[in-house]
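As structure tokens, the structure follows; a few thoughts come after it.
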Number of protein chains: 2
Amino acid sequence: MNAVTIKDVASAAGVSVATASRVLSGHPATSPDSRAKVESAAKELGFMPNAQARSLRSTKTDSIALLISDVRNPYFSDLAHAVEQHARAAGLMTFIGNANEDAAQQDDFLATMLSRRVDGLVIVPQGLNEESNQPSEMMNRVLSSGIPTIFVDRALPSIQVPAITANSAQALDEAVATLHSLGHQKIAFIGGPKHASTALERYSAFDTALANNGLHADEALHFVGDFQPASGALAAQWLLDNPAKPSAVIIADAPMAIGALRVWRELGIRVGADLSVITFDEVDAMLIHDPPIATIGHDLSQMGKMAVQALREVMAGHQPEPEELISKFTLRPSVASAKATQVMEGKVRP
Amino acid sequence: MNAVTIKDVASAAGVSVATASRVLSGHPATSPDSRAKVESAAKELGFMPNAQARSLRSTKTDSIALLISDVRNPYFSDLAHAVEQHARAAGLMTFIGNANEDAAQQDDFLATMLSRRVDGLVIVPQGLNEESNQPSEMMNRVLSSGIPTIFVDRALPSIQVPAITANSAQALDEAVATLHSLGHQKIAFIGGPKHASTALERYSAFDTALANNGLHADEALHFVGDFQPASGALAAQWLLDNPAKPSAVIIADAPMAIGALRVWRELGIRVGADLSVITFDEVDAMLIHDPPIATIGHDLSQMGKMAVQALREVMAGHQPEPEELISKFTLRPSVASAKATQVMEGKVRP
DNA sequence: CTTACTCATGTAAACGATTCCATGGAATCG
DNA sequence: CGATTCCATGGAATCGTTTACATGAGTAAG
């Protein structure tokens with residue numbers, strides 16, 4: 001392997017390891033002479049410092065961890081990319097971990113990162129345990145360990161950690177108002193699991209939006225999914241079978257939307273004609289869809305930037321304020337007037 | 001922070017650090033008695049071993065690195081997910097790095113991983129330097145360092161490293177034959193940059209496929225893109241302006257397809273009617289598209305599995321054979337008979 | 001010319017684990 | 001019963017760096 005150590009460099013340069021170390025890590029107290037000798041020796045030998053030895057002594061690793069639920073979800077891969085780019089600009093390496101919406105994998109990743117002594121943690125929290133209503137044991141350990149941590153996208157209400165979240169109440173309101181003004185009376189909502197903070201907020205923001213627009217909120221119009229494509233597919237069928245015959249639907253994330261859209265297409269339901277659709281997460285797949293899907297979303301690059309900024313604040317010993325991005329509603333042709341929808345009733349349901 | 005070390009555990013348990021270490025790392029020579037004492041002490045104190053100290057001494061990190069070009073490309077995020085899951089099953093942590101199709105970022109990531117002494121490397125190589133026709137300096141260092149490495153998805157012809165690749169010649173042939181049988185005479189190809197091995201192979205496999213089907217290969221029907229959405233958008237326009245008036249097109253990756261499809265939709269070109277489209281990479285976005293896009297693709301989960309297997313072989317000191325997955329062509333409604341296309345000529349170009 | 005101060009350098013002690021080696025007690029065997 | 005083997009244990013060396021401290025040369029001030 002790479003058996004060349006700083007000792008080799010030092011002796012090749014004819015100086016002590018201390019001097020070599022000082023030169024290589026940019027310590028000011030070095031003479032131009034030894035600087036030259038050490039640098040050329042290092043280059044000559046192809047010296048590559050051992051990061052573990054270095055951070056064992058210096059107790060910093062210049063790295064952070066990002067815990068998301070799934071890289072395959074375009075929302076999170078966009079976020080991961082943004083976080084990584086901004087961290088990189090600050091000289092920090094980012095470790096990306098998948099929780100797969102699974103508490104065990106989340107804890108596993110956190111344990112590994114704690115062991116590796118990363119300098120900070122950006123977490124999209126998976127929510128509290130459903131029975132105990134507590135954070136997982138490993139999450140507690142992270143929090144009590146004092147390692148700089150921030151939450152992004154979601155927050156855990158009971159836990160005192162700076163968070164960067166998105167507020168979509170206003171956008172949802174706008175979306176519902178738009179649907180209402182187009183004549184839609186029955187609007188369904190395909191939401192996330194009840195243990196995720198974002199999911200809960202969206203259910204209640206949706207109901208509030210209905211109320212604001214003089215519409216009747218009704219549990220029967222909520223579908224409780226799990227943010228994954230398969231549950232979107234189930235929801236698609238549920239919607240068609242729903243006795244209230246909703247003419248419009250709002251979906252709480254992109255993967256569920258992808259699952260649902262596929263089912264509707266296969267069944268011949270014409271989105272934007274038979275059914276009006278609005279989805280959270282402004283990702284590519286929604287824009288190339290024919291017709292393009294109206295979305296409620298926010299700037300992920302911005303969110304990543306704010307997350308890294310906030311984390312660096314914490315790392316510097318400060319206590320940044322929680323910040324909220326305001327989501328934006330973008331109308332697109334997947335939304336049509338309710339008239340068109342009535343046609344569907346006769347067509348797809350005999 | 002987490003100031004509890006193995007020393008604390010040892011003294012709490014009333015044994016030496018050596019014994020504590022043996023218990024905690026599962027060494028057989030330990031008595032049930034001390035095992036019990038050490039384990040309970042460790043749990044009590046919330047001991048979390050310092051990974052750097054451990055691997056500094058033991059020279060293994062139980063981690064591998066995966067270098068891809070972009071997490072936001074669904075093809076690669078699917079691959080990353082597969083690699084990660086299989087590595088995880090083998091007790092290995094995966095570090096995912098983005099090259100952003102950029103040699104500098106690639107080298108940066110490799111340097112960091114070399115410093116961190118990962119046990120192995122799975123690389124989607126970015127291709128040789130365009131001027132020197134050589135691998136980058138850092139890549140050379142990786143190769144000469146002797147660290148177990150395999151290539152996945154792409155290969156570098158001149159370099160002797162086990163690779164898991166996909167062969168799409170057969171699928172391309174089938175795709176072209178299908179188009180030809182539907183009456184298409186002019187088929188365009190939107191390819192990748194000339195320095196990527198996969199890109200080159202696909203150009204020539206495409207031309208071979210044309211020849212096999214009695215069609216004339218023509219440079220003027222090649223568009224040289226860069227695998228990114230923006231170049232797909234350019235290609236979309238190029239195709240419409242192409243004097244040969246192609247009635248069908250094959251696109252060499254999903255991001256370019258996404259870029260192109262969006263442009264065509266905005267211009268009112270009806271895919272599957274005005275224009276027949278086949279794309280590489282069987283990703284979600286192609287399946288929810290209306291109409292669904294015919295694809296040439298392979299099983300990424302399988303590819304990830306083979307990559308991890310091959311890497312573990314190398315890590316064990318063996319020399320695995322290079323393996324090739326055979327890509328599959330899947331016909332979908334984005335492909336129609338050439339008749340429909342002739343209609344477009346009148347319609348979209350006055 | 002002495003004193004004080006700066007500055008580059010080297011020596012050696014950390015950092016927190018693993019692991020080689022020596023030790024001594026218990027168990028086994030002839 | 002003495003010799004041999006086995007096995008759990010602790011002491012100490014080790015991995016490759018950084019860094020506190022001591023040193024000695026050079027310089028500026030008095």
Side-chain angles (χ1 to χ4, degrees), chain A residues 1-39 41-42 45-63 111-112 114-119 145 147, chain B residues 1-39 41-42 45-63 111-112 114-119 145 147:
Chain A
M1 278 280 293
N2 199 327
V4 37
T5 76
I6 202 174
K7 230 169 178 167
D8 303 322
V9 174
S11 68
V15 299
S16 72
V17 292
T19 305
S21 168
R22 277 186 278 254
V23 169
L24 293 170
S25 51
H27 189 99
T30 52
S31 70
D33 179 49
S34 49
R35 228 171 302 159
K37 282 189 297 183
V38 170
E39 266 157 14
L45 298 174
F47 171 68
M48 183 131 288
N50 183 318
Q52 11 241 19
R54 178 193 293 244
S55 47
L56 175 59
R57 180 66 228 247
S58 62
T59 64
K60 6 172 277 162
T61 55
D62 293 324
S63 61
T112 310
L114 243 37
S115 265
R116 290 185 186 268
R117 304 290 194 267
V118 291
D119 294 343
S145 75
I147 175 174
Chain B
M1 278 276 296
N2 198 327
V4 36
T5 77
I6 202 173
K7 230 170 177 165
D8 304 322
V9 174
S11 68
V15 299
S16 73
V17 292
T19 303
S21 168
R22 277 187 279 255
V23 169
L24 294 169
S25 51
H27 190 97
T30 52
S31 69
D33 180 51
S34 49
R35 227 171 304 159
K37 281 189 298 185
V38 170
E39 266 155 15
L45 299 174
F47 172 67
M48 185 133 286
N50 182 319
Q52 13 241 19
R54 179 196 292 248
S55 49
L56 175 58
R57 181 66 229 252
S58 62
T59 65
K60 9 172 273 164
T61 55
D62 294 322
S63 61
T112 310
L114 242 38
S115 265
R116 287 183 188 270
R117 305 289 194 266
V118 291
D119 295 343
S145 75
I147 174 175

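These numbers come from the heavy atoms of this one structure, side chains and all, not from hydrogens, waters or symmetry mates. Note on naming: letters A, B, ... go to the chains in the order of the sequence lines (proteins, then strands), and numbering restarts at 1 for each one.
Residues in residues 8-18 of chain A take part in these side-chain hydrogen bond (donor to acceptor under 3.5 Å, both in side chains) pairs, two or more places apart or across chains: S16(A)-T19(A). Within the structure, salt bridge (Lys or Arg N to Asp or Glu O under 4.0 Å) contacts touching residues 13-32 of chain B (residues at least two apart or in different chains) do not occur.
Evaluation of the side chain to side chain donor-acceptor pair (under 3.5 Å) rule for S21(B) yields no partner, not counting sequence neighbours. Scanning for side chain to side chain donor-acceptor pair (under 3.5 Å) contacts around T112(B) gives an empty result, with sequence neighbours left out. Under the side chain to side chain donor-acceptor pair (under 3.5 Å) criterion, T30(B) pairs with R35(B), not counting sequence neighbours. Legend: residues meeting side-chain contact (heavy atoms from CB on, under 4.5 Å) with A13(B), ordered by chain and number and at least two apart, are V15(B), K37(B), V38(B), A41(B). Legend: residues meeting side-chain contact (heavy atoms from CB on, under 4.5 Å) with S63(B), ordered by chain and number and at least two apart, are R116(A), T61(B), M93(B), F95(B), V118(B). Evaluation of the side-chain contact (heavy atoms from CB on, under 4.5 Å) rule for T59(B) yields no partner, not counting sequence neighbours. For the side chain to side chain donor-acceptor pair (under 3.5 Å) test, residues two or more places apart in sequence or in another chain that qualify with S31(B) are S34(B).
Look at CG on L56(B): it is 12 Å from P on dT18(D), rounded to the nearest Å. The distance from atom CG of L114(B) to atom C1' of dG16(D) is 16 Å, rounded to the nearest whole Å.
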Output a table of nitrogen or oxygen pairs between the protein and nucleotides 24-26 of chain D separated by less than 3.5 Å.
none

For DNA chain C, produce a single dot-bracket line, 5' to 3'. Pairs: Watson-Crick or G-U wobble, both distances under 3.5 Å. Symbols: ( ) within strand, [ ] crossing, | other strand, . unpaired. ||||||||||||||||||||||||||||||
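Residue S34(B) is in sugar-phosphate contact alone, with no base atom involved, counting any heavy-atom pair closer than 4.0 Å across all strands shown. Among the atoms of the strands shown, none is found under 4.0 Å from any heavy atom of T59(A).
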Which letter, B, S or -, goes with each nucleotide of nucleotides 17-26 of chain C from 5' to 3', with contact meaning a protein heavy atom under 4.0 Å? SBBB------
